[in-house]
> 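Supplied in structure tokens, the structure appears directly below.
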Amino acid sequence: MKNVILPLVALTLSMTACSYKSPTEDLDKALAQHQRELDAILYQGGQPGKINLYGVILTDESGYLRTDKRISIMQTGGMGARNVGVAVVGEKNKPVLSPELKGESSQLALAHANLSSSGYINLGCENLTAEDVQGLQEKKQQPSEMIYVSYAAKKVFICGDQHTSGVSVSIIAQDLVLRDVRMTLTGVIGSISVKAQNLELQGENLIGTAGMTSNTIGMDAPDIELSVAKELSGNGSLMLISEGGALVEKK
């Protein structure tokens, strides 16, 4: 009988040793989890800009709003420091979609109508045809270093790379034509605001914003607003993209 008891005692002691837990183990785990959560707050990257879409570029499918198939949206949080990864897009930064146009004061609406009632603006397009600009005089744009840049005309043509840093951009047009556009804005505040009665898409187009890289805090990207009142045409596409700024630690 003694020969049986001894192995059982040895097995019991062995199992007890394997299951031994330090008195501080739970506390250590809790502190480590708390530190990870704190790092995720302190060292996360910036938020993408809010993307607001209004008007005929949206369709209602069984009570669910979708963008026209030619328009796509992408939002990405900025990369954080200390291996916390990419910031999760917050609820307040997620896109706003509305088939109703955003309201504005009658004074502002009149100002927009007056600004865009005549002429055309050409931003980077070559070989515009007589048909493209029929009955319109070109409105020359002077180079500007202002923090707020506005383009307003009856017809606006935009082609190629249009990169701006640290400013807000406003485009107001009765007819807006985008031809293989890559319009980007990098900054800590501001927005790209596009309002058109009619939008024509030719080729692959991109309108994007990005937050600036920082070593102190994750910088949010500027917002994007696109409003089309009457018609979306053309066989091209348009991607609206916004990415929060990366946070990098000082070396």
Side-chain angles (χ1 to χ4, degrees), residues 31-54 67 71-97 123-124 141-151 158-171 176 178-195 201 203-227 236-251:
L31 289 174
Q33 177 63 28
H34 177 71
Q35 186 61 53
R36 286 192 295 271
E37 293 172 354
L38 187 61
D39 286 349
I41 296 173
L42 296 178
Y43 299 100
Q44 67 178 344
Q47 287 288 307
K50 195 161 192 172
I51 297 178
N52 304 310
L53 303 182
Y54 303 101
T67 61
I71 296 178
S72 56
I73 298 174
M74 179 181 295
Q75 289 179 302
T76 307
M79 180 63 70
R82 299 200 177 185
N83 297 317
V84 301
V86 174
V88 176
V89 180
E91 286 296 323
K92 68 177 184 178
N93 294 82
K94 291 183 178 179
V96 171
L97 310 179
L123 300 177
Q141 297 296 302
Q142 298 298 323
S144 174
E145 296 182 358
M146 297 173 60
I147 62 172
Y148 183 81
V149 177
S150 179
Y151 303 104
I158 308 178
C159 302
D161 290 342
Q162 303 287 334
H163 178 70
T164 311
S165 180
V167 300
S168 291
V169 178
S170 172
I171 299 168
L176 174 61
L178 301 182
R179 295 179 179 171
D180 291 313
V181 171
R182 184 177 177 84
M183 176 177 288
T184 58
L185 171 64
T186 301
V188 295
I189 57 173
S191 65
I192 295 178
S193 175
V194 179
K195 297 181 180 180
L201 300 177
E204 296 182 354
N205 301 281
L206 180 147
I207 295 177
T209 62
M212 297 181 68
T213 298
S214 169
N215 56 24
T216 56
I217 188 173
M219 297 289 189
D220 294 351
D223 297 336
I224 298 174
E225 179 180 322
L226 175 61
S227 177
S237 62
L238 172 61
M239 172 173 279
L240 304 173
I241 183 169
S242 186
E243 182 176 0
L247 178 65
V248 295
E249 292 187 81
K250 295 179 180 179
K251 293 184 180 180

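The analysis underlying the following values was restricted to heavy atoms, covering all of them including side chains, and did not include hydrogens, waters or symmetry mates.
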> For Lys50 and Val96, which heavy atoms make the closest approach, and how far apart are they?
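So the two residues come closest at CE-CG2, 3.3 Å.
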
> Step by step, would you call Ser242 with Thr209 a side-chain hydrogen bond (donor to acceptor under 3.5 Å, both in side chains)?
CA-CA 5 Å; Ser242 186; Thr209 62; 2.8 Å; yes

> Give, for atom CD1 of Ile192 and atom OG1 of Thr164, the distance between the pair rounded to the nearest 0.5 Å.
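Between atom CD1 of Ile192 and atom OG1 of Thr164 there are 7.0 Å.
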
> Can you find a pair of side-chain heavy atoms, one from Val89 and one from Pro48, that are under 4.5 Å apart?
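Side-chain contact under 4.5 Å: yes.
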
> Look up atom CE in Met79 and atom OG1 in Thr213, then write down how far apart they are to the nearest 0.5 Å.
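Here the interatomic distance stands at 11.5 Å.
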
> What pair of heavy atoms forms the shortest contact from Ser237 to Glu204, and how long is it?
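Shortest heavy-atom separation between Ser237 and Glu204 comes out as OG-CA, 3.8 Å.
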
> Can you tell me how far CD1 of Ile241 sits from CE of Met74, rounded to the nearest 0.5 angstrom?
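Spacing of CE (Met74) from CD1 (Ile241) equals 5.0 Å.
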
> Determine, step by step, whether Ile171 and Ile158 satisfy the side chain to side chain contact (heavy atoms under 4.5 Å, CB included) criterion, reporting the C-alpha distance in whole Å, the side-chain angles of both residues, the deciding distance to 0.1 Å, and the verdict.
CA-CA 10 Å; Ile171 299 168; Ile158 308 178; 3.6 Å; yes

> Any heavy-atom pair between the side chains of Thr186 and Met212 that's under 4.5 Å?
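Contact flag for Met212/Thr186 side chains = yes.
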
> Looking at Val84 and Tyr43, what are the two nearest heavy atoms and their distance?
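Shortest heavy-atom separation between Val84 and Tyr43 comes out as CG2-O, 3.2 Å.
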
> Minimum heavy-atom separation for Gly124 to Cys159, with atom names?
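Shortest heavy-atom separation between Gly124 and Cys159 comes out as O-CB, 3.5 Å.
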
> Taking all non-hydrogen atoms of both residues into account, name the closest pair between Ile73 and Pro95 and its distance.
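Closest approach of Ile73 to Pro95: CG2-CG, 4.1 Å.
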
> Heavy-atom distance under 4.5 Å between the side chains of Tyr54 and Glu225, does that happen here?
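Yes, at least one pair of side-chain atoms sits under 4.5 Å.
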
> Please name all residues satisfying side-chain contact (heavy atoms from CB on, under 4.5 Å) with Thr184, sequence neighbours left out, ordered by chain then number.
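In terms of side-chain contact (heavy atoms from CB on, under 4.5 Å), with neighbours along the sequence ignored, Thr184 is linked to His163, Arg182, Leu206.
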
> Looking only at heavy atoms, what is the nearest atom pair of Val181 and Asn205, with distance?
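Nearest heavy atoms, Val181 then Asn205: N-OD1, 2.8 Å.
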
> My understanding is that only residues two or more places apart in sequence, or in another chain, count here; which of them pass side chain to side chain donor-acceptor pair (under 3.5 Å) with Ser191?
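For Ser191 there are no side chain to side chain donor-acceptor pair (under 3.5 Å) partners, ignoring immediate neighbours.
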
> Can you find a pair of side-chain heavy atoms, one from Leu226 and one from Leu238, that are under 4.5 Å apart?
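A side-chain contact under 4.5 Å exists here.
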
> State which residues pass side chain to side chain donor-acceptor pair (under 3.5 Å) with Ser214; sequence neighbours excluded, sorted by chain then number.
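If we apply the side chain to side chain donor-acceptor pair (under 3.5 Å) test to Ser214, skipping adjacent residues, the hits are Thr216.
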
> To the nearest 0.5 Å, how far apart are CD1 in Ile51 and CG in Asp223?
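With rounding to 0.5 Å, CD1 (Ile51) is 9.0 Å from CG (Asp223).
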
> Are any non-hydrogen side-chain atoms of Met183 and Val194 less than 4.5 angstrom apart?
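Not in contact.
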
